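I have placed the structure first, in the form of C-alpha cells, so that the comments after it can refer back to it.
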Amino acid sequence: MYRTHNCGELRMEHLGTEVVLSGWVQGSRDLGFMMYTDLRDRYGLTQLLFNEQITDKDLFEQARTLGREFVIRVEGTVIERQSKNPNMPTGDIEIQVSKLEILNASKVPPMLIEDEIDEGDDIRMKYRYLDLRRKPVQQNLFFRSKLAIATRAYLADQDFIEVETPVLIKSTPEGARDFVVPSRMNKGQFYALPQSPQTFKQILMVAGFDKYFQIVKCFRDEDLRADRQPEFTQIDCEMSFVTQEQVLETFEGLTRHLFKKLKNVDLPKFPRMTYDEAMSKYGSDKPDIRFGMEFVELGKEELPEGFVVFDNAELVVGICAEGQAAEYSNKDIKKLTEWMQRPQIGAKGLVYVKYNADGSVKSSVGKFYNDEVLKGWLEKFGAKPGDMLLILSGEEEKTRKQLNELRLEMGNRMGLRNPEEFKPLWVVDFPLLEWDEESERFHAMHHPFTSPKAHDVERMLNGDHETMKALRADAYDMVINGVEIGGGSIRIHDRELQSRNFDLLGFTKEEAQAQFGFLLGAFEYGAPPHGGLAFGFDRLCAVMCGQNSIRDFIAFPKNNQGRDMMIEAPSPIHDEQLEELCLKINLPEGD
RNA sequence: GACAGUGUAGUUCAACGGUAGAGCAGGGGAUUGUCUAUCCUCAAGUUGCGGGUUCGAAUCCCGUCAUUGUCGCCA
C-alpha cells in the first residue's frame, strides 16, 4: 500500500496513528541532529521528522540523500510538534519516520516548485509537468473542473441535453481561418476543425432536441493573444421556441448560479445596454462598467471656431478623470500623449483641461478657448475642482476606439479595475451586417444565420445599401469587467429570409448551397424558431479568478506562435505520411 | 504582416564602451525544533546566433532567431 492518508489531512486527532504517506519531496531542512523533510501531494504538505536520537542511523543517512522532487513512500507515527506552525493546516503534527522508500529519484528541477511563480513562460511551458505541480496552477485547474461540473449540473437540471458534435467537419470561407486535416481515404480533400459547433447545434434544434449544450473544443487558426488560444473551449448552447429575452434569462441564471456556487458572489440583475449606447458611452462593444468615466461629446455650441484641429474634426469627445489634475505634470501629460500616439492606438494628439483645486483652469488649448468656454466644458463633463478632462478628436469611429483605450488605461492607473469586483452586463441590438471596405461587401457581424430584429425584416428584404448598414439583429453579448464572455443570437429559421441574408453577404445561390446546403435542406423540413449562445469557457475561468491570461487555466496551452513547447508541436511529418496523403511541401522562398 | 519590450550561470536579475557579478537552486561543511531555516564554503558563462564599428563590445550599429504584449486578424 502506498498510502493510508494524503499529505493534507493529518491533524492532532491522528496522534499516535501509524500512517503510510507517499508524495514528492518539497525540500529538507537539515539541522544535523535532526532533519525535517516536507512531503507534498495535491492535498497539502506534511512534515517528516528524522531524529538522531530515535531514527535508525541507516534510515537517517538514507533521508539525507533525498533531493527535491524525489517521489517517496514513508511509514511512521503521527506525533505532536514541539514547535508548531500555525500557518499550515498540518502544522501541529509531524511524522516520526520509521521506514523510507525512494519510489523514484528526480533530477534537480530547472525551476522551484513553489507558490510564487518567477520563471518566464517559455521555461514554464517546456516543463509544464513541473509547473503544474505548483499550488496556484493546480488551483486554477481545480477551479476549471468545478466550473465545468457546475455548468453541466445546472444545465442538465434545466432539461438541457449534452450532445457531442464532430471534430472533423467541413471548411467554410466565412469567419476565422480554419485548421484543416487532410483526408487519406479521400485524396486531395480536407476536413476542417470546427470554429464552433454552430451549424450542428442548429441541426439539433431542427431534430427536436429543444435544449442543447456542450462543453466543447473549438479551433481558429488566427494570431494569438493572452486571452486567445488556437484551441479553446466553449459552453455552447441552443434552445428552441425561445425569444431573445428567454435566452438572456436562462444564461444570466446560469452565470449567476456559477458565481454563487464557485465564488459565493451574488450578482445583481444584469443591466442591458444597446450596442449603440456602448459605442457612444464607452467606445467599445464590451465596456468595463466597474467604473464610470463615460464619454462626453463636445458639440458646435461648446466649440467656438479657432482651434483648427477641433474645427475640422468629425468628433470631439473626452472623459473626466476624477481628482487627477494635480497628479499629472506637463511631463506626465506628454508621456501619456506619446502613449496614445503609439501605432497600436494611433491618436494624433491629446488635449487636457485641468480644473485645479483652487478653481482655476489650465489647458493645452487655453490659447484657443477662453476660460468661459473651458468652464462650459467642465460643466458639461460634470467635473469638480481637482478633476482633469482628457479630450480626443478626429474621425468618429477611430476616435471612440482610441478614447476607449485611454479610458481603460486611466481606469488601470487610478485603480478602478478591481479584479475582485464583478460587473456583468448584456450588450444587445448588435448590427446585423458590417460593411467591409477592403472586400467591398457585407460581413455578418455575428454569423450568417443571425436573425434581424422582427421590425427590420421588411427593410432587410427591400432596403437600399444605407438601410442595410442600419439593420439591427437579435444578437447579444455577455460582458463581464470589459471581457466578452459570450455571445449569441436568435437564428433565422425561415428559408426565404436566410436566402436573402446569403444574398446580402454576397453568396450566390450555388455557393450558399455548396457551403450550407445541409442546413438549408434541414430548414425545409420544419425548423423551429431557435437561438442560443456560446460562452468562452477559458475566459470565464480567468475573469472569475480576476486574471487576464487564459493560459493558466489551460493544462497544456500553446505559446504566441501556436507552438506547444513541451511536446514541440507542430512538427514536420515523414515523407511516407505525405505520400499517403498526396501532399507536397512547397515552402516559400527564403524559408 | 506591423509596432514595442525582452534575451547574460540551472533560474531570477545586475554590470558608464574598459577584469561578466549577486539572490535562489546545486555540491561540501557546521548547526539541539526547523518550517522559503541559518551560517561558512565551492562550483557554475559560446552574454541567443551571425556580421560590423572600436585599441577594446553583454553594452553601439545592421541582420537573424526565439519569446512576451499589442495592432491588423479573430463571422
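Residue numbers start from 1 in every chain, and the chains themselves are labelled A, B, ... in the order their sequence lines are given, proteins ahead of strands. For clarity, every value in this text was computed on a predicted model and none was experimentally measured.
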### Task
Remember a base hit wins even if backbone is also touched, and classify Asn87(A) as base, sugar-phosphate or nothing at under 4.0 Å, heavy atoms.
nothing

### Query
With sugar-phosphate meaning primed atoms plus P, OP1 and OP2, does Gly120(A) contact a base, only sugar-phosphate, or nothing at under 4.0 Å between heavy atoms?
sugar-phosphate

### Message
Under 4.0 Å, heavy atoms only, any strand: does Ser196(A) hit a base, just the sugar-phosphate, or nothing?
### Response
base

### Query
With rounding to whole Å, what would you report as the distance between rC42(B) and rA25(B) at their C1' atoms?
15 Å

### Query
For residues Gln198(A) and Gln202(A), is any side-chain donor paired with an opposing acceptor at under 3.5 Å?
yes

### Query
Which part of the nucleic acid does Pro448(A) contact within heavy-atom distance under 4.0 Å: base, sugar-phosphate only, or nothing?
base

### Query
Does Glu94(A) get its side chain close enough to the base of rG33(B), under 3.5 Å, for a donor-acceptor pair?
yes

### Task
Measure from the side-chain heavy atoms of Leu31(A) and tell me the nearest of rU67(B), rU34(B), rG69(B).
rU34(B)

### Task
Report which part of the nucleic acid Asp118(A) touches: base, sugar-phosphate, or nothing (heavy-atom distance under 4.0 Å, all strands).
sugar-phosphate

## Note on the structure
Separation of rU68(B) atom P from Asp122(A) atom CG, nearest Å, is 7 Å

### Query
If you check the Gln47(A) side chain, which of rC35(B), rC73(B), rA75(B) turns out closest?
rC35(B)

### Task
Spell out yes or no: do the side chain of Asp223(A) and the base of rG72(B) have one donor N/O and one acceptor N/O closer than 3.5 Å?
yes

### Message
Heavy-atom nearest nucleotide on RNA chain B for Ala176(A) versus Asn51(A): which residue maps closer to 5'?
### Response
Asn51(A)

### Task
Please determine which of Lys107(A), Gln26(A), Arg40(A) meets the side chain to side chain donor-acceptor pair (under 3.5 Å) test together with Glu69(A).
Arg40(A)

#### Entry: Watson-Crick or G-U counterpart of rA30(B), or none if no pair lies under 3.5 Å
rU38(B)

### P spacing across the pair rU70(B) / rG51(B), given as an integer number of angstrom
35 Å

### Task
Tell which nucleotide pairs with rU70(B), taking only Watson-Crick or G-U wobble pairs whose two distances are both under 3.5 angstrom.
rA2(B)

### Query
How far, in whole Å, is rU47(B) from rU19(B) if one measures between their C1' atoms?
15 Å

### Query
Between rG52(B) and rA66(B), how far is it from one P atom to the other, in whole Å?
23 Å

### Closest listed nucleotide, where the reference is the side chain of Glu222(A) and the choices are rC74(B), rC3(B), rA75(B)
rC74(B)

#### Entry: Inter-nucleotide C1' distance (rA57(B), rC16(B)), Å rounded
13 Å

### Query
Is there a side-chain polar atom (N or O) of Lys398(A) under 4.0 Å from OP1 or OP2 of rC71(B)?
no

### Message
On the nucleotide rA75(B), are OP1 or OP2 found under 4.0 Å from the side-chain N or O atoms that Arg220(A) carries?
### Response
yes

### Query
What's the verdict on side-chain hydrogen bond (donor to acceptor under 3.5 Å, both in side chains) for Ser83(A) and Arg81(A), showing C-alpha distance, side-chain angles and the deciding distance?
CA-CA 5 Å; Ser83(A) 50; Arg81(A) 288 202 201 181; over 6 Å; no

### Query
Between Asp178(A) and Gln195(A), does any side-chain donor sit less than 3.5 Å from a side-chain acceptor?
yes

### Task
Determine which nucleotide pairs with rA57(B), using a 3.5 Å limit on both distances of a Watson-Crick or G-U wobble pair.
none

### Query
Phosphate oxygens OP1/OP2 of rU67(B): is one of them under 4.0 Å from a side-chain N or O of Gln561(A)?
yes

### Message
Measuring to OP1 and OP2 of rC35(B), would you say a side-chain N or O of Arg81(A) lies under 4.0 angstrom away?
### Response
no

### Inter-nucleotide P distance (rA58(B), rA9(B)), Å rounded
14 Å

### Message
Centre-to-centre under 6.0 Å for Phe537(A) and Phe232(A), is that the case here?
### Response
no

### Task
Answer with base, sugar-phosphate or nothing: what part of the nucleic acid does Met34(A) contact at a heavy-atom distance below 4.0 Å?
base

### Query
Gln82(A) side chain N/O closer than 4.0 Å to the phosphate oxygens (OP1, OP2) of rU32(B)?
no

### Task
Using the P atoms only, state how far rA75(B) lies from rG5(B), rounded to an integer number of Å.
31 Å

### Message
Regarding rC73(B), can its base be found pairing with the side chain of Arg228(A) as donor and acceptor, where the two atoms are less than 3.5 Å apart?
### Response
yes

### Summary
Of the candidates rU31(B), rA75(B), rC71(B), the side chain of Asp30(A) sits closest to rU31(B)

### Message
Pick the closest RNA chain B nucleotide for Glu119(A) and for Gly27(A) by heavy atoms, then say which residue is nearer the 5' end.
### Response
Glu119(A)

### Task
Give the C-alpha distance, both sets of side-chain angles, the deciding distance and a yes or no for side-chain hydrogen bond (donor to acceptor under 3.5 Å, both in side chains) between Asp288(A) and Tyr282(A).
CA-CA 8 Å; Asp288(A) 186 346; Tyr282(A) 300 96; over 6 Å; no

### Query
With both distances under 3.5 angstrom, what nucleotide forms a Watson-Crick or G-U wobble pair with rG7(B)?
rC65(B)

### Task
Looking only at side-chain atoms of Leu112(A), point me to the closest of rU32(B), rC24(B), rG26(B).
rC24(B)

### Query
Base, sugar-phosphate alone, or nothing: which one does Ile123(A) contact when heavy atoms must sit under 4.0 Å apart?
sugar-phosphate

### Task
Could you walk me through whether Leu248(A) and Leu533(A) pass side-chain contact (heavy atoms from CB on, under 4.5 Å), step by step?
CA-CA 9 Å; Leu248(A) 299 194; Leu533(A) 90 183; 5.8 Å; no

### Task
Could you tell me which nucleotide pairs with rA22(B) by Watson-Crick or G-U wobble geometry, both distances under 3.5 Å, or answer none if nothing does?
rU12(B)

### Task
May I ask you to verify whether the side chain of Arg177(A) and the base of rC74(B) hold a donor-acceptor pair under 3.5 Å?
no

### Task
Between rA75(B), rC73(B), rC35(B), spot the one nearest the side chain of Asn85(A), thanks.
rC35(B)

### Query
Heavy atoms under 4.0 Å, any strand shown: does Arg124(A) hit a base, just sugar-phosphate, or nothing?
nothing

### Query
Given rU67(B), is OP1 or OP2 found less than 4.0 Å from the side-chain N or O atoms of Asn559(A)?
yes

### Query
When the P atoms of rG7(B) and rA15(B) are considered, how many whole Å apart are they?
10 Å

### Message
When you measure from the side-chain N and O atoms of Arg551(A) to the phosphate of rG69(B), is any distance below 4.0 Å, counting only OP1 and OP2?
### Response
yes

### Query
Given Arg472(A), which of Asp276(A), Asp456(A), Asp429(A) fulfils the side chain to side chain donor-acceptor pair (under 3.5 Å) condition?
Asp276(A)

### Message
The side chain of Ser83(A) is closest to which nucleotide in this list: rG69(B), rA75(B), rU34(B)?
### Response
rU34(B)

### Query
With a 6.0 Å cut-off on ring centres, are Trp435(A) and His465(A) close enough?
yes

### Query
Atom CG of Asp121(A) and atom P of rU11(B): how far apart are they, to the nearest Å?
15 Å

### Query
Checking salt bridge (charged side-chain N to carboxylate O under 4.0 Å, His left out) for the pair Glu119(A)/Arg134(A): CA distance, chi angles, key distance, verdict?
CA-CA 12 Å; Glu119(A) 279 76 21; Arg134(A) 292 176 154 142; 2.7 Å; yes

### Message
Considering every strand and a 4.0 Å limit on heavy-atom distances, what is the contact class for Lys126(A): base, sugar-phosphate, or nothing?
### Response
nothing

#### Entry: Given rG33(B), rA75(B), rG72(B), the nucleotide with the shortest approach to the side chain of Leu49(A)
rG33(B)

### Message
With hydrogens left out and only the distance checked, is there a donor-acceptor pair under 3.5 Å joining Arg29(A)'s side chain and the base of rU38(B)?
### Response
no

### Task
Specify the separation, in whole Å, of atom CG of Asp227(A) and atom C1' of rU68(B).
14 Å

